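Computed from a predicted structure; not experimentally measured. First listed ligand is number 1; within each ligand, the first listed atom is number 1.
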Amino acid sequence: MLEVGAALRTVLDHARPLAALSATPALGRVLGEDLSADLDSPPFAKALMDGYAVRSADLTAGEGTFTVLEEVAAGSLPTRLVTAGNATRIYTGAKLPDGADAVVKQELAVVSPDGRVTLTDPTAKPGRNVMDRGREMRAGEVVLPKGTVLTPAALGLCATIGRATPLQVPPAVVAVVTTGDELVEADITPTGGQIRNSNGPMLAGLVARAGGVPRDLGTARDDEASLTAKVRDGLASANVLLLAGGVSVGKFDLVPDILHRLGVAVHFHKVRMKPGKPLLFGTRGDTLVFGLPGNPVSAFVCFELFVRPALRVLAGLPAAWCQPIAGTLTVAFDADNDRPTFHPVRLSGGRVTPLPWSGSADLRALLAADALLQLPAGEVHFAAGDAVTVVPI
Ligand code: AMP
Ligand code: MG
């Protein structure tokens with residue numbers, strides 16, 4: 001049976017970034033092209049303070065008295081040349097008038113009844129409180145290279161450089177098909193052998209949290225016609241198709257056969273792990289197909305270990321998979337599993353507390369979990385304080 005690492009490599013070998021599209025810049029997306037400045041920024045030398053624009057040399061011994069020529073606010077332009085003995089009343093963001101080389105802030109000004117102003121600023125020198133033209137960026141300079149993740153600052157810079165619709169890698173559309181004759185939706189009270197469909201909403205949440213766009217295709221019955229229709233729909237309309245359930249070896253586990261019949265190349269089926277052993281991965285063209293086990297915790301763990309890294313690659317991000325990190329157990333812990341196991345734990349400041357967990361159907365155990373403890377196959381006995389590795393989720 002395939003090991004977890006080899007299975008993940010297989011998945012990543014088949015994942016390619018989606019083709020970039022032109023769109024309004026969106027938080028978290030990856031740029032598909034270099035974006036350069038179309039203009040110098042600032043486009044002119046601008047005042048960084050409210051105050052008076054002067055020739056700094058006119059403040060002999062840090063002081064001078066000036067005639068005020070005009071007033072210039074941000075958004076309007078100066079009309080007068082600043083010459084010896086003159087100053088322009090100026091506000092933050094306005095263009096520095098010709099002739100001036102510094103701004104003295106208004107807190108250092110005293111206006112006399114005749115309208116003249118005395119400025120006292122021993123630190124006045126050329127460039128004081130002025131941002132030179134092009135200090136932030138020069139026209140033609142690459143400001144946001146291809147591959148940049150659009151953070152809030154990057155969104156602001158796209159606007160600064162006039163790029164309203166740059167090329168970005170779109171989010172993957174992920175179709176979700178749940179399977180099982182026993183499933184009913186949350187608003188129904190189960191009767192007979194029914195249970196409520198928890199995988200549907202859970203997987204939609206996992207997809208959205210991983211940056212994808214979930215498309216819930218609903219529940220397929222455990223019959224060929226129902227499954228075939230949903231799988232066809234998913235293959236035709238999504239970048240990734242997630243199926244939950246029906247992927248084991250029982251009489252009603254029809255997913256592997258149907259995928260095969262619809263032209264999906266299956267790259268692996270079954271991974272040496274617990275939970276999640278029945279996991280299936282295949283492709284048809286560029287579409288990735290995951291047959292997740294039906295038990296909710298198994299589906300969750302398989303998503304975090306295999307689907308999330310694939311979605312990162314599709315979104316143009318580095319293929320970093322959930323990196324195991326070192327931690328220390330807060331309590332003694334024993335286990336004996338026939339396969340490498342991922343046990344839900346609480347992780348706080350490197351301290352690892354295993355959660356009570358009754359197996360792959362126990363979704364409630366994941367409520368408080370923020371990581372999975374990696375356990376080898378076989379018997380293990382840990383004491384409190386022992387070093388362990390966990391995968392954050
Ligand atoms: P299967 O892989 O189809 O054999 O399902 C394994 C177990 O998971 C069974 O107990 C199913 O009832 C359960 N199961 C399958 N699908 C779901 C679902 N969408 N929500 C909750 N439990 C499910
Ligand atoms: Mg089933």
Side-chain angles (χ1 to χ4, degrees), residues 1-2 7 174-210 212 214-231 233-234 238 240-262 264 266 268-282 289-307 337-339 341-342 344 357-367 369 393:
M1 212 182 306
L2 207 56
V174 182
V176 177
V177 175
T178 42
T179 78
D181 285 344
E182 73 278 32
L183 300 181
V184 295
E185 294 309 307
D187 57 346
I188 304 288
T189 303
T191 55
Q194 294 175 331
I195 60 162
R196 291 198 177 107
N197 169 18
S198 53
N199 282 336
M202 179 189 80
L203 288 168
L206 285 166
V207 168
R209 189 165 74 175
R215 265 200 72 208
D216 185 0
L217 299 187
T219 295
R221 300 291 129 202
D222 287 320
D223 66 62
E224 228 180 280
S226 174
L227 261 168
T228 302
K230 300 251 186 232
V231 171
D233 186 2
V240 178
L241 169 59
L242 301 182
L243 291 136
V247 76
S248 297
V249 292
K251 179 177 166 197
F252 299 102
D253 294 324
L254 307 174
V255 166
D257 269 359
I258 283 169
L259 291 178
H260 185 75
R261 227 166 301 146
L262 291 178
V264 173
V266 173
F268 64 76
H269 186 189
K270 290 192 178 38
V271 178
R272 194 164 162 266
M273 64 185 283
K274 195 178 192 163
K277 175 175 149 190
L279 178 68
L280 176 152
F281 170 68
V289 181
F290 293 88
L292 305 171
N295 269 313
V297 180
S298 311
F300 186 104
V301 169
C302 288
F303 185 96
E304 286 294 301
L305 295 185
F306 300 100
V307 184
N337 296 294
D338 56 348
R339 279 165 273 140
T341 295
F342 296 87
W357 180 43
S358 59
S360 52
D362 182 10
L363 187 55
R364 201 170 170 197
L366 282 182
L367 208 52
I393 53 176

Under the side chain to side chain contact (heavy atoms under 4.5 Å, CB included) criterion, do Asp338 and Lys274 qualify, and how do the steps go? CA-CA 8 Å; Asp338 56 348; Lys274 195 178 192 163; 3.4 Å; yes

Atom 4 (O) of ligand 1: which protein heavy atom is closest, and how many Å away? Asp253 OD1, 3.9 Å

Which side-chain N or O atoms in residues 179-188 pair as donor and acceptor under 3.5 Å with protein atoms at least two apart or in another chain?
from	atom 1	to	atom 2	distance (Å)
Thr179	OG1	Ala244	O	3.0
Thr179	OG1	Gly245	O	3.3
Asp181	OD1	Asp222	N	2.8
Glu185	OE2	Asn197	ND2	3.2

Say whether, by atom type as modelled, one donor and one acceptor occur between the side chain of Thr341 and the main chain of Arg339 under 3.5 angstrom. yes

Within less than 4.0 angstrom of ligand 1, does Thr179 place any heavy atom? yes

Kindly identify the option in Pro201, Gly294, Gly246 whose heavy atom sits closest to atom 3 (O) of ligand 1. Gly246

CG (Leu305) and CG (Leu279) are apart, to the nearest 0.5 Å, by 9.5 Å

Whether the side chain of His269 engages the backbone of Gly282 through a donor-acceptor N/O pair (distance < 3.5 Å, no angle test) should be reported. no

Using a 4.0 Å heavy-atom threshold (strictly under), name the region of Glu182 that reaches ligand 1: side chain, backbone, both or neither. side chain

Is it true that a side-chain atom of Asp216 and a backbone atom of Pro201 form a donor plus acceptor pair closer than 3.5 Å? no

Using a 4.0 Å cutoff against the non-hydrogen atoms of Arg196, which atoms of ligand 1 qualify? 20 (N), 21 (C)

What protein heavy atom lies closest to atom 19 (N) of ligand 1? Include the residue and the distance to one decimal. Asn197 OD1, 2.9 Å

Do Thr178 and ligand 1 have an N or O pair less than 3.5 Å apart? no

Would you please determine whether Met202 falls within less than 4.0 Å of ligand 1 on a heavy-atom basis? no

Looking only at protein heavy atoms, what sits closest to atom 17 (C) of ligand 1 is Asn199 ND2, 3.2 Å

Could you tell me the residue and atom name of the protein heavy atom closest to atom 22 (N) of ligand 1, and the distance to it rounded to 0.1 Å? Ile195 CD1, 3.3 Å

When you measure from atom 6 (C) of ligand 1 to every protein heavy atom, which one gives the shortest distance, and what is it? Asn295 N, 3.8 Å

Mind checking salt bridge (charged side-chain N to carboxylate O under 4.0 Å, His left out) for Arg209 and listing every partner two or more places apart, or none if nothing turns up? Glu304

Take every heavy atom of Gly180, measure it against each atom of ligand 1, and state whether any distance is under 4.0 Å. no

Are Pro190 and Arg196 side-chain neighbours, meaning at least one heavy-atom pair lies under 4.5 Å? yes

Any donor-acceptor pair under 3.5 Å from Lys230 side chain to Gly218 backbone: no

Which residue and non-hydrogen atom of the protein lie closest to atom 20 (N) of ligand 1, and at what distance in Å? Ser198 N, 3.1 Å

